[in-house]
2 protein chains.
Amino acid sequence: MVEHEDRLSRVFSALADPTRRDMVARLAAGDATVSELAAPYDVSLQAVSKHIQVLEEAGLVSRSRDAQRRPVHLDAEVFDLMTKWIERYRQQAEERYQRLDALLDRMQGREQDLTDRRNEGAAG
Amino acid sequence: MVEHEDRLSRVFSALADPTRRDMVARLAAGDATVSELAAPYDVSLQAVSKHIQVLEEAGLVSRSRDAQRRPVHLDAEVFDLMTKWIERYRQQAEERYQRLDALLDRMQGREQDLTDRRNEGAAG
DNA sequence: ACCTTGTTCAACCAAAAGGTTGACAAAGCC
DNA sequence: GGCTTTGTCAACCTTTTGGTTGAACAAGGT
């Protein structure tokens, strides 16, 4: 839709592809050239080259030069961006859940069903 | 490409969209109905309905029923899946980086350039 | 200079994503 | 019963994505 979306979108989008996730997994064990990366997959070298481009645009990898080879290196810092985003909302959701639990404790004597949990969540 | 891809692909793919990420952020503060969720965005209710479906298929949200309303609820557990994946490879990459550092320490007297760092990473 | 190896660029294609509008279902309100 | 609210289904359109092939570029090796 938008030509160049925000960082987080590109990172999540890059990792949404299983082939690219697998490549990241392998790069975590050490740098690799394009053909080394391509070896296990049943697709053209060009397709792999494109995948690496996507990872690079997401800031997940960087490429150097070694003669004709273009070694691909995993840049782990971007992971922090994701982790922060995830943790933020997970914590928020968990805190909310705990507040709900506490509320349920306080009114445990009353005959209320789960609908109350949900309603409190939406309103509070 | 594949009709129903693995869980992780669907989760990352779902969060690759900024609108959906925003919806998740808002749901972390409490459940909401479809129209409540749709309100801030300049798109049709149908488009929002589709977004919610994507989040649901990714296991990020679930829907209950309250009269005509379909309250959307954030399921935080799926976040663990992502976090685990991310942490695994980040740690691996960091450990590798530290081993490289240690290696560099041991051979600090020699006149070696960064190429050695890269080569060790690819071969080891 | 020429060949080989490693990688990218360009054009093209099919499928998926994200949006639209129109019709319809489901449940409360008058 | 009929209207209104809330949401989904279906058909359609456009852009993006992930793949293809063929040509080209880059940098040693001989």
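Naming: A, B, ... by sequence-line order, numbering from 1 per chain.
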Pairwise distance CG(A:L45) to CG(A:L37) - rounded to 0.5 angstrom: 10.0 Å
Side chain of A:R69 - closest among D:dG19, C:dG6, D:dT6: C:dG6
Residue-phosphate contact under 4.0 Å: A:R63 side-chain N/O, C:dT7 OP1/OP2: no
Nucleotide C:dG18, atom P - distance to CG of B:L15 in whole Å: 12 Å
Whole-Å gap separating C1' (C:dG18) and CG (B:D42): 14 Å
Contact under 4.0 Å: B:R65 side-chain N or O vs D:dT6 OP1/OP2: no
Shortest side-chain distance from B:A67, nucleotide among D:dT8, C:dT20, C:dG28: C:dG28
Minimum-distance nucleotide (side-chain atoms of A:Q46 versus D:dG19, C:dG6, C:dT8): C:dT8
A:D6 vs B:R21 side-chain heavy atoms within contact, under 4.5 Å: yes
Side chain of A:S44 (C-beta onward), nearest among C:dA11, C:dG18, D:dT21: D:dT21
Modelled atom types, side-chain donor and acceptor of A:S49 and A:R70, under 3.5 Å: no
Distance in angstrom units between B:F12 CZ and C:dA17 P, rounded: 17 Å
Whole angstrom value for the distance that separates C1' of C:dC9 from CD of A:E56: 15 Å
Residue mapping more 5' on DNA chain C - nearest nucleotide basis, B:T19 or B:Q68: B:T19
A:S49 vs C:dT8: side-chain N/O to OP1/OP2 distance below 4.0 Å: yes
Value in whole Å for how far the P atom of C:dA16 lies from CG of B:D17: 18 Å
Atom pair CD1/CG of B:I86 and A:L15 - distance to nearest 0.5 Å: 7.5 Å
Spacing of A:K50 atom NZ relative to D:dT16 atom P, expressed in whole Å: 14 Å
Parallel, tilted or perpendicular, as decided by the 30° and 60° cut-offs, for the rings of A:F12 and B:F12: tilted
Rounded interatomic separation in angstrom, taking CG from B:L45 and P from C:dG19: 13 Å
Value in whole Å for how far the P atom of C:dA16 lies from CD of B:Q53: 16 Å
Side chain of A:R70 (C-beta onward), nearest among C:dT20, D:dA27, C:dT8: C:dT8
Sugar-phosphate, base or nothing in reach of B:T33, heavy atoms under 4.0 Å: sugar-phosphate
Among D:dA27, C:dG19, C:dG6, the nucleotide that comes nearest once only the side chain of B:H51 is considered: C:dG19
